[in-house]
2 protein chains.
Amino acid sequence: MTRKRHATATDVARLAGVSQSAVSRAFTPGASIAEETRARVAEAARQLGYRPNAIARSLTTRRSRIIGVAASYLQNHFYPDVLEALSRGLQARGYQMLLFMPDAGRHADPQLQEVLAWRVDALILASTTLSSALADQCQAAGIPVLLFNRTSRAPSVSSVTGENLRGGRLIAEFLVASGHRRLGFLAGIENSSTSRDRESGFCGWLQENGHPPPLREVGLYQFEEAAAAARRLLARPDRPDAIFCGNDHMATAVAEVARHEFGLRIPRDLSLVGFDDTGPARWPSFSLTSFSQPVQPMVDATVALVCEMIEDPATPTRHEVVRGELVVRGSARMPPEGCVSLAEQLVWRPVRNDITG
Amino acid sequence: MTRKRHATATDVARLAGVSQSAVSRAFTPGASIAEETRARVAEAARQLGYRPNAIARSLTTRRSRIIGVAASYLQNHFYPDVLEALSRGLQARGYQMLLFMPDAGRHADPQLQEVLAWRVDALILASTTLSSALADQCQAAGIPVLLFNRTSRAPSVSSVTGENLRGGRLIAEFLVASGHRRLGFLAGIENSSTSRDRESGFCGWLQENGHPPPLREVGLYQFEEAAAAARRLLARPDRPDAIFCGNDHMATAVAEVARHEFGLRIPRDLSLVGFDDTGPARWPSFSLTSFSQPVQPMVDATVALVCEMIEDPATPTRHEVVRGELVVRGSARMPPEGCVSLAEQLVWRPVRNDITG
DNA sequence: CTGAAAGCGCTTACAG
DNA sequence: CTGAAAGCGCTTACAG
C-alpha cells in the first residue's frame, strides 16, 4: 500500500476545465475571479477532496502563518490556561501554533533552531528566555520575539508580564499591615526576571520601611522543590509567621507541608500569599490570597503585540505590564483596613497619605 | 525597514564555491559528500547564519515531520503532563508538534482542516474524536490518526487508552469490599468512550454481583460542573456514602464541595475514588484513591505506534490498552484485605476464587 | 476576469 | 564525489 497523493491545484484545474492559477484564485479571498468560475472550482475541489497545500503556499508567500510557542512548567496551572487562551487567540487571527517545551530553568535555545527552520512568523516564549546570541540571530533574521511572563536582560526583546514589582511591594505592605513581622520569601527560579522582580519589590518595600529582610528559600517554581524549601523554613526555631511564595503553585506546596507535616493552621499559625491567582489556589482548601496575573488580558496583549510586530517589523521594543490586584482570600491574616469588594472579589487597596506608594 | 531575507542554499553555495546541491548534501545526514566539501559548506553557512528551510524541504520530500496534536481539558492535570511527555517523545524522533485545542466535548473537525493543510505526517487526538467523515478523509489522504485516551465508534481508528473497563469493575469491587452499599457514579462527557467504558465496567460489575445500580450524575469532566453535580448528589436524603468519580479532576471538585459545603469528612462520611492518578489528587489534602493511567507508558505507546503508522501505512488498526493499578490512598475506606505494597505504593489486588474477575 | 510563466528553496535521480 | 536540472505545489505579476 503506497501513500496516497493529495489532490493538487493542477488536478482540480483539469477537472474544472480552468487553469491552475484560477484554482489558486478561487481559494484566495479577495482575488479577482468570476463567481461562476469559483463555483466550478469549488465543486471540482469538493469532488477531489482538495485543500490548498499550506507548505507550498508558505514557500511562495514567504509567510508561514505559524508562530513558534515555547512553554514550560505546565504543572503550574497558570500555563495550561495561558496555552488555551493563546491557542484560541492565534487561531482567531489565522495562525497555527508550533509548540515546544524547553527544559525548565534553561534557555529555549536548542529546540529553537528546529523551530526557526520552519520560518515561523514569530516566536512567543512563555516562562523561558533565549540566549542573547539567539536573540541576535532572530533579530538578524527579522523574526519577532516576544517574551511572556519573563523579561530579558537584553532589553531589546519585547515582553508581556504582570506587575511583578508592584505586586511584591504590595504583598510586603499587606503582610506588615496584618501585623506580621517574621516574614519569609520563597523564590522561584533565581535568575528568572519574575522571581527577581517579585523579590526586589518585596524586599525593597521592607527595607524602605525599616523592616529586616525576610528569611529566604528557593523553590525553583516546582512543587517538590517548594515543599522541600517549606520544610527547611518551617523547621527553623525562628520560623516565619508569613510567607510570600513566588507563585501559587509553590504556595500550594507550602500549604500542604505546613498543614500535613507541621500541623499548622492557615492563617492562624501561618499566613501564605501567592502570585498568579490561578488553579487550585482558588479552591476552598487553599483559598489563597494572591496577586493576580489575569490570563486573558495578558494573552490578549501578547497576541495583539505579536501581530503588530509581524505586520510592522519596525515596531519598537515594548514591555507591556498587565495590571493585577492583590486578591484577598483566607490564606493570610487580614489587615484591619484596606480590603474592598471589586467584581465579586475582595481586593486590597491600602489607603495612603503619600502619592507614590 | 523591510523584512530581511534568510540566507538560502544558493547563497551558501556561492560563498563556498560549490554547487547548491552540494550545500543540500552537506546538510543531509548520510549523503555522499567529501568531508572537505562539507567543512567548507559548514563554514560558509555559519558565516551567513544559514539553516535549511524546513518548508522547502517538506515540499520536495513530501514529508513534513510535523505531527498535528489536539488536546483539550487542560485544566485536568493529566493533559499538561501528557503534553510534556508527548513533546519530549516526538522531539526525540525528530518531529515537531502543531498543537490545536478543540472546544471541550466537541469534535476536533473545524480546526482539523487547517492542520491538514499543513500535510502533517500524522494526527494525535487527545481527549477528542473526529467525525467519521473526517476519519474517512484522513484515511483517503493516507494520514495516520491516533486517538489518545478515547476510542472512536468507527473501529478503524487506532487508539491508546488506559484500562477503563477493568478500572471501573475493580473500583466497584473495591468499594463493595469496603462495605459500601450506597454508591454514586459521576460521569464525565457522556458520549466519550472513557466515560462510557468506566461506567459500564462499574455498573457491569455491580449488576453481575447482585448490587443495585449507583446513583448517577454528570460532571462533564469539568471542575465546576462536577462541583454542581456533587451538590445535587450530596443533598439527597439517600446520598451515597461512596462516589466513583470519572476522573481525578472531578474527584477533587467533589472533595472540595463535600468538605467545605457539606462538612463531610473523607473517608469517614464519604469515600471517593478517582481515575488517572495525577496532579493535585496525589497531594496530602486529597490523597485520592484512584485507578492509574500512567502517562509515560501511555505516551511511549502513542509515539511508538504513530511512528510505526507513518513508516508503514499498512499498519493495521490497533487499540493499545495500557495497564493501570488501583492506587490506594486515604480518600476511600479500605477493604479488610487485598491491599499490597508495590513500588512504594499501596495498590489493590483482590484475592479471587474465580479465574476471570 | 483569465492563463502562461516565473519563482519560492529545497531534494534527488542522473550523468559524469 | 559533484553539478545541472527537474520537480515539489503553490502565488503573483504580466499580458491579454
Side-chain angles (χ1 to χ4, degrees), chain A residues 3-42 44-45 48-66 114 116-121 141-142, chain B residues 3-42 44-45 48-66 114 116-121 141-142:
Chain A
R3 167 155 286 122
K4 294 102 168 176
R5 240 208 176 86
H6 281 91
T8 70
T10 307
D11 300 331
V12 175
R14 195 159 17 222
L15 180 60
V18 297
S19 74
Q20 184 269 126
S21 339
V23 175
S24 175
R25 290 194 188 97
F27 283 93
T28 307
S32 109
I33 185 172
E35 182 45 41
E36 199 233 305
T37 312
R38 183 195 302 282
R40 265 232 305 292
V41 169
L48 298 176
Y50 171 75
R51 291 233 91 208
N53 181 328
I55 294 179
R57 170 184 296 158
S58 296
L59 187 61
T60 58
T61 60
R62 308 152 124 269
R63 261 171 138 277
S64 63
R65 300 214 69 94
I66 290 183
E114 294 292 313
L116 289 177
W118 278 95
R119 302 300 187 257
V120 292
D121 287 344
Chain B
R3 167 155 287 121
K4 294 103 170 175
R5 240 207 177 85
H6 281 91
T8 69
T10 307
D11 299 332
V12 175
R14 192 155 24 220
L15 181 60
V18 298
S19 73
Q20 184 267 128
S21 339
V23 175
S24 174
R25 290 195 189 96
F27 283 92
T28 306
S32 108
I33 185 172
E35 183 46 42
E36 198 234 305
T37 312
R38 184 195 302 283
R40 265 232 305 292
V41 170
L48 299 176
Y50 171 75
R51 288 232 93 207
N53 181 328
I55 294 179
R57 170 185 295 158
S58 296
L59 188 61
T60 57
T61 60
R62 308 152 124 267
R63 260 170 141 278
S64 62
R65 301 215 67 94
I66 290 183
E114 294 293 312
L116 289 177
W118 278 95
R119 302 299 187 256
V120 292
D121 287 345

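Chain letters run A, B, ... following the sequence lines, proteins first and then strands; every chain starts at 1. Below, each value reflects all heavy atoms present in this structure, side chains not excepted, and no hydrogens, waters or symmetry copies. These figures come from a predicted structure and were not determined experimentally.
If you walk DNA chain C from 5' to 3' and mark each nucleotide with an atom closer than 4.0 Å to a heavy atom of chain A, the marks span C/dC1 to C/dG9.
B/Trp118 is listed as a side-chain neighbour of A/Ser58, based on a closest heavy-atom distance under 4.5 Å.
A distance of 12.0 Å separates CD1 of B/Ile55 from CZ of A/Arg63, quoted to the nearest 0.5 Å. Rounding to the nearest 0.5 Å gives a distance of 11.0 Å between OH of B/Tyr50 and NE2 of B/His6. With rounding to the nearest 0.5 angstrom, the CD1 atom of A/Ile66 is 5.0 Å from the CD1 atom of B/Ile66.
Every residue was checked against the side-chain hydrogen bond (donor to acceptor under 3.5 Å, both in side chains) condition with A/Arg51, not counting sequence neighbours, and none meets it. Qualifying salt bridge (Lys or Arg N to Asp or Glu O under 4.0 Å) partners for A/Arg40, counting only residues two or more places apart in sequence or in other chains: A/Glu36. Residues passing the salt bridge (Lys or Arg N to Asp or Glu O under 4.0 Å) test with A/Arg38, sequence neighbours excluded: A/Glu35.
No contact: B/Thr10 has no heavy atom under 4.0 Å from any strand. B/Ser21 comes within contact range of at least one nucleobase, with a heavy-atom separation under 4.0 Å. Using a 4.0 Å heavy-atom criterion, one finds that B/Ser32 contacts the bases of the nucleic acid, with or without backbone contacts as well. Here B/Phe27 lies out of heavy-atom contact (under 4.0 Å) with every strand.
Listed by first and then second residue, the side chain to side chain donor-acceptor pair (under 3.5 Å) pairs involving residues 11-31 of chain B are B/Thr8-B/Asp11, B/Asp11-B/Arg14 (not counting sequence neighbours).
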>> Both atom distances under 3.5 Å, Watson-Crick or G-U wobble: I'd like the secondary structure of DNA chain C as a dot-bracket string, with | for pairs made across strands.
In response: |||.||||||||.|||
